Participant: 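I have a structure I would like to understand better, so I am pasting it below and will then ask my questions one at a time.
A quick note: this is a predicted structure, and the numbers were derived from the prediction, not measured. Below, each value reflects all heavy atoms present in this structure, side chains not excepted, and no hydrogens, waters or symmetry copies. Labels below follow one simple rule: chain letters A, B, ... track the order of the sequence lines, proteins then strands, and each chain is numbered from 1.
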Amino acid sequence: NAGVTQTPKFQVLKTGQSMTLQCAQDMNHNSMYWYRQDPGMGLRLIYYSASEGTTDKGEVPNGYNVSRLNKREFSLRLESAAPSQTSVYFCASSALPGQYSGYTFGSGTRLTVV
Amino acid sequence: SQQGEEDPQALSIQEGENATMNCSYKTSINNLQWYRQNSGRGLVHLILIRSNEREKHSGRLRVTLDTSKKSSSLLITASRAADTASYFCATDAGTNAGKSTFGDGTTLTVKP
(Lines give C-alpha, C1' and ligand atoms only; values in the text may rest on other atoms or scores of the structure.)
Protein backbone atom coordinates (compact mmCIF):
# COMPACT_ATOMS: atom_id res chain seq x y z
CA ASN A 1 0.00 0.00 0.00
CA ALA A 2 1.29 3.45 -0.88
CA GLY A 3 2.19 5.58 2.08
CA VAL A 4 4.83 6.69 4.54
CA THR A 5 6.80 4.10 6.51
CA GLN A 6 8.69 4.93 9.71
CA THR A 7 11.13 2.76 11.61
CA PRO A 8 11.46 1.91 14.40
CA LYS A 9 8.01 2.13 16.00
CA PHE A 10 9.35 2.20 19.56
CA GLN A 11 12.75 3.04 21.02
CA VAL A 12 14.23 3.57 24.47
CA LEU A 13 17.53 5.44 24.69
CA LYS A 14 19.80 6.40 27.52
CA THR A 15 20.79 10.03 27.87
CA GLY A 16 23.70 10.76 25.56
CA GLN A 17 23.05 7.91 23.13
CA SER A 18 22.49 8.57 19.46
CA MET A 19 20.04 7.14 16.98
CA THR A 20 18.56 7.68 13.55
CA LEU A 21 14.85 7.56 12.75
CA GLN A 22 14.13 6.36 9.25
CA CYS A 23 11.32 7.50 6.97
CA ALA A 24 10.47 6.39 3.44
CA GLN A 25 7.55 7.35 1.20
CA ASP A 26 6.32 5.81 -2.03
CA MET A 27 3.81 8.56 -2.86
CA ASN A 28 6.25 10.19 -5.32
CA HIS A 29 5.98 13.31 -3.16
CA ASN A 30 8.62 16.01 -3.35
CA SER A 31 8.38 17.42 0.17
CA MET A 32 9.02 15.61 3.45
CA TYR A 33 8.76 16.67 7.09
CA TRP A 34 9.64 15.62 10.62
CA TYR A 35 7.31 16.62 13.44
CA ARG A 36 7.28 15.84 17.14
CA GLN A 37 4.17 15.52 19.25
CA ASP A 38 4.28 15.87 23.01
CA PRO A 39 1.42 14.61 25.23
CA GLY A 40 -1.81 16.54 24.77
CA MET A 41 -0.31 18.84 22.19
CA GLY A 42 -0.25 19.38 18.49
CA LEU A 43 2.66 18.77 16.17
CA ARG A 44 5.75 20.94 16.06
CA LEU A 45 7.94 21.00 12.99
CA ILE A 46 11.55 19.93 13.52
CA TYR A 47 12.95 19.97 9.98
CA TYR A 48 11.58 19.77 6.50
CA SER A 49 12.80 19.14 2.98
CA ALA A 50 10.89 21.01 0.31
CA SER A 51 12.53 18.95 -2.43
CA GLU A 52 15.35 16.47 -2.92
CA GLY A 53 18.67 18.07 -2.03
CA THR A 54 17.28 20.74 0.28
CA THR A 55 16.59 20.81 4.01
CA ASP A 56 15.48 23.62 6.31
CA LYS A 57 14.95 24.14 10.01
CA GLY A 58 11.49 24.18 11.45
CA GLU A 59 10.23 25.46 14.80
CA VAL A 60 12.25 23.14 17.10
CA PRO A 61 15.46 21.99 15.32
CA ASN A 62 17.91 22.08 18.24
CA GLY A 63 19.41 18.67 19.03
CA TYR A 64 18.46 17.16 15.66
CA ASN A 65 19.96 16.72 12.22
CA VAL A 66 18.37 15.44 9.02
CA SER A 67 19.41 13.88 5.75
CA ARG A 68 17.34 13.80 2.56
CA LEU A 69 18.96 10.69 1.16
CA ASN A 70 16.95 10.66 -2.07
CA LYS A 71 13.43 11.54 -3.15
CA ARG A 72 11.94 8.68 -1.09
CA GLU A 73 13.92 8.83 2.15
CA PHE A 74 14.30 11.44 4.89
CA SER A 75 16.06 10.51 8.12
CA LEU A 76 16.19 12.28 11.49
CA ARG A 77 19.22 11.90 13.74
CA LEU A 78 19.58 12.56 17.45
CA GLU A 79 23.30 12.92 18.14
CA SER A 80 23.13 13.01 21.94
CA ALA A 81 19.67 12.18 23.24
CA ALA A 82 18.21 14.14 26.15
CA PRO A 83 15.10 13.43 28.27
CA SER A 84 13.47 16.53 26.73
CA GLN A 85 13.46 14.67 23.42
CA THR A 86 11.07 12.05 24.77
CA SER A 87 8.17 12.36 22.34
CA VAL A 88 6.34 10.76 19.45
CA TYR A 89 7.96 11.55 16.12
CA PHE A 90 6.01 11.70 12.89
CA CYS A 91 7.30 11.81 9.37
CA ALA A 92 5.07 13.21 6.64
CA SER A 93 5.20 13.87 2.92
CA SER A 94 3.33 16.14 0.53
CA ALA A 95 3.15 16.99 -3.14
CA LEU A 96 4.55 20.18 -4.65
CA PRO A 97 2.75 23.50 -4.20
CA GLY A 98 -0.01 23.72 -6.75
CA GLN A 99 -0.60 19.99 -6.39
CA TYR A 100 -0.72 20.24 -2.63
CA SER A 101 -3.55 18.35 -0.98
CA GLY A 102 -2.33 17.91 2.57
CA TYR A 103 0.12 15.65 4.29
CA THR A 104 0.40 11.88 4.35
CA PHE A 105 1.71 10.79 7.74
CA GLY A 106 3.60 7.76 8.96
CA SER A 107 2.41 5.88 12.02
CA GLY A 108 5.02 7.43 14.30
CA THR A 109 8.04 6.50 16.41
CA ARG A 110 7.54 6.56 20.16
CA LEU A 111 10.88 7.56 21.71
CA THR A 112 11.69 7.51 25.41
CA VAL A 113 14.98 8.93 26.68
CA VAL A 114 15.87 7.89 30.23
CA SER B 1 4.50 30.11 17.52
CA GLN B 2 0.99 28.66 17.37
CA GLN B 3 -0.94 29.52 14.24
CA GLY B 4 -4.08 27.42 14.53
CA GLU B 5 -5.89 27.07 17.83
CA GLU B 6 -8.80 24.68 18.22
CA ASP B 7 -11.82 25.20 20.39
CA PRO B 8 -13.07 23.47 22.47
CA GLN B 9 -10.15 21.44 23.81
CA ALA B 10 -12.50 18.55 24.56
CA LEU B 11 -16.00 17.66 23.41
CA SER B 12 -18.23 14.79 24.54
CA ILE B 13 -21.47 13.94 22.74
CA GLN B 14 -23.90 11.08 22.22
CA GLU B 15 -23.92 8.96 19.09
CA GLY B 16 -26.13 10.51 16.45
CA GLU B 17 -25.52 14.09 17.56
CA ASN B 18 -23.55 16.61 15.55
CA ALA B 19 -20.07 17.72 16.63
CA THR B 20 -18.68 21.16 15.85
CA MET B 21 -15.12 22.22 16.50
CA ASN B 22 -13.48 25.51 15.62
CA CYS B 23 -10.06 26.68 14.58
CA SER B 24 -8.75 30.24 14.76
CA TYR B 25 -5.52 31.46 13.22
CA LYS B 26 -3.49 34.65 13.23
CA THR B 27 -2.00 35.35 9.79
CA SER B 28 -3.19 35.09 6.21
CA ILE B 29 -3.23 31.59 4.81
CA ASN B 30 -3.11 29.74 1.50
CA ASN B 31 -5.18 26.87 2.80
CA LEU B 32 -6.38 25.18 5.97
CA GLN B 33 -6.50 21.45 6.56
CA TRP B 34 -8.26 19.23 9.08
CA TYR B 35 -6.79 15.96 10.33
CA ARG B 36 -8.00 13.15 12.58
CA GLN B 37 -5.77 11.22 14.97
CA ASN B 38 -6.96 8.05 16.63
CA SER B 39 -5.27 7.22 19.92
CA GLY B 40 -1.68 6.09 19.39
CA ARG B 41 -1.84 6.47 15.62
CA GLY B 42 -0.65 8.88 12.96
CA LEU B 43 -2.71 11.75 11.60
CA VAL B 44 -5.09 11.19 8.73
CA HIS B 45 -5.91 13.99 6.33
CA LEU B 46 -9.65 14.72 6.22
CA ILE B 47 -10.19 17.81 4.11
CA LEU B 48 -8.38 20.85 2.74
CA ILE B 49 -10.05 24.17 2.10
CA ARG B 50 -8.30 26.90 0.12
CA SER B 51 -8.38 30.56 1.04
CA ASN B 52 -10.75 31.40 -1.83
CA GLU B 53 -13.28 28.76 -0.75
CA ARG B 54 -15.95 29.24 1.89
CA GLU B 55 -17.34 25.74 2.37
CA LYS B 56 -16.45 22.14 1.51
CA HIS B 57 -18.17 18.86 2.11
CA SER B 58 -16.87 15.32 2.32
CA GLY B 59 -19.35 12.66 3.40
CA ARG B 60 -20.51 13.57 6.92
CA LEU B 61 -17.91 16.34 7.19
CA ARG B 62 -18.57 19.99 6.49
CA VAL B 63 -15.82 22.58 6.73
CA THR B 64 -16.31 26.33 6.57
CA LEU B 65 -13.70 29.04 6.29
CA ASP B 66 -14.14 32.70 7.16
CA THR B 67 -10.97 34.54 6.19
CA SER B 68 -12.30 37.87 7.52
CA LYS B 69 -12.54 36.34 11.00
CA LYS B 70 -9.52 34.08 10.47
CA SER B 71 -11.49 31.07 11.57
CA SER B 72 -12.69 27.68 10.36
CA SER B 73 -15.14 25.14 11.66
CA LEU B 74 -15.44 21.39 11.22
CA LEU B 75 -18.89 19.87 11.55
CA ILE B 76 -19.33 16.12 11.84
CA THR B 77 -22.96 15.16 11.36
CA ALA B 78 -24.68 12.08 12.81
CA SER B 79 -21.60 11.17 14.81
CA ARG B 80 -20.60 7.56 15.49
CA ALA B 81 -18.51 5.96 18.22
CA ALA B 82 -15.82 5.43 15.56
CA ASP B 83 -15.49 9.23 15.23
CA THR B 84 -13.89 9.30 18.69
CA ALA B 85 -10.47 10.84 18.06
CA SER B 86 -8.49 14.05 18.26
CA TYR B 87 -9.02 16.55 15.47
CA PHE B 88 -6.37 19.05 14.40
CA CYS B 89 -6.42 22.01 12.10
CA ALA B 90 -3.28 22.99 10.21
CA THR B 91 -2.60 26.18 8.30
CA ASP B 92 -0.34 26.80 5.34
CA ALA B 93 0.66 30.48 5.40
CA GLY B 94 2.14 30.36 1.92
CA THR B 95 5.64 31.64 2.72
CA ASN B 96 6.86 28.07 2.38
CA ALA B 97 3.92 26.45 0.67
CA GLY B 98 3.37 23.00 2.06
CA LYS B 99 4.90 23.75 5.47
CA SER B 100 1.91 23.77 7.78
CA THR B 101 1.47 24.76 11.42
CA PHE B 102 -0.74 22.61 13.66
CA GLY B 103 -2.96 23.51 16.58
CA ASP B 104 -3.21 21.53 19.82
CA GLY B 105 -6.37 19.74 18.75
CA THR B 106 -9.88 19.00 19.95
CA THR B 107 -10.48 15.64 21.62
CA LEU B 108 -13.88 14.31 20.60
CA THR B 109 -15.56 11.50 22.52
CA VAL B 110 -18.71 9.99 21.03
CA LYS B 111 -20.62 7.86 23.50
CA PRO B 112 -22.61 4.92 22.17
Side-chain angles (χ1 to χ4, degrees), chain A residues 1-7 9-10 21 23 25 27 29-51 54-61 66 74 87-110, chain B residues 1-10 21 23-26 29-53 56 58 61 63 72 74 85-108:
Chain A
N1 291 333
V4 177
T5 302
Q6 289 183 236
T7 56
K9 294 190 184 303
F10 300 94
L21 282 65
C23 176
Q25 53 95 6
M27 309 285 289
H29 283 165
N30 287 282
S31 301
M32 298 186 73
Y33 312 81
W34 277 104
Y35 283 89
R36 61 177 287 174
Q37 184 179 33
D38 297 315
M41 298 181 66
L43 279 68
R44 291 185 292 169
L45 182 64
I46 305 171
Y47 271 92
Y48 67 103
S49 171
S51 61
T54 69
T55 60
D56 286 287
K57 296 178 180 179
E59 183 185 354
V60 289
V66 290
F74 188 39
S87 189
V88 182
Y89 291 84
F90 289 101
C91 177
S93 67
S94 71
L96 278 172
Q99 305 162 347
Y100 182 67
S101 60
Y103 291 171
T104 300
F105 279 90
S107 58
T109 295
R110 190 173 297 274
Chain B
S1 62
Q2 208 69 11
Q3 168 72 315
E5 294 186 5
E6 290 91 343
D7 171 65
Q9 288 186 324
M21 50 205 88
C23 172
S24 60
Y25 56 91
K26 297 172 184 172
I29 60 171
N30 270 357
N31 63 70
L32 185 145
Q33 313 124 53
W34 285 93
Y35 293 82
R36 183 187 73 235
Q37 183 180 36
N38 292 95
S39 180
R41 308 292 293 274
L43 279 74
V44 175
H45 179 251
L46 296 175
I47 199 164
L48 179 150
I49 187 165
R50 300 186 191 283
S51 60
N52 61 352
E53 298 175 312
K56 282 189 86 168
S58 177
L61 306 181
V63 169
S72 173
L74 170 67
S86 292
Y87 292 82
F88 295 89
C89 68
T91 53
D92 173 5
T95 54
N96 283 290
K99 188 181 76 166
S100 294
T101 304
F102 286 78
D104 287 344
T106 292
T107 299
L108 172 66

Participant: Using every non-hydrogen atom in the two residues, find where A:Gln37 and B:Phe88 come nearest and quote the distance to one decimal.
Facilitator: NE2-CZ, 3.5 Å
Participant: Got a donor-acceptor contact below 3.5 angstrom from the A:Tyr103 side chain to the B:Ser100 backbone?
Facilitator: yes
Participant: Can you tell me how far OH of A:Tyr35 sits from CZ of B:Phe102, rounded to the nearest 0.5 angstrom?
Facilitator: 5.0 Å
Participant: Between A:Gln6 and chain B, with a heavy-atom cut-off of 4.5 Å, which part of the residue counts as in contact: side chain, backbone, both or neither?
Facilitator: neither
Participant: Who are the salt bridge (charged side-chain N to carboxylate O under 4.0 Å, His left out) partners of B:Asp7, not counting sequence neighbours?
Facilitator: none
Participant: Crowded around B:Glu53 CD? As in, over 12 foreign heavy atoms under 6.0 Å?
Facilitator: yes
Participant: Under 4.5 Å from any heavy atom of chain A, what part of B:Gln37 do you find: side chain, backbone, both or neither?
Facilitator: side chain
Participant: Where does B:Leu48 contact chain A at under 4.5 Å (heavy atoms): side chain, backbone, both or neither?
Facilitator: side chain
Participant: Would you compute the distance between atom CZ of A:Phe105 and atom NE2 of B:His45 and round it to the nearest 0.5 angstrom?
Facilitator: 10.0 Å
Participant: In Å and rounded to the nearest 0.5 Å, what is the CG to CG distance from A:Leu43 to B:Asp104?
Facilitator: 10.0 Å
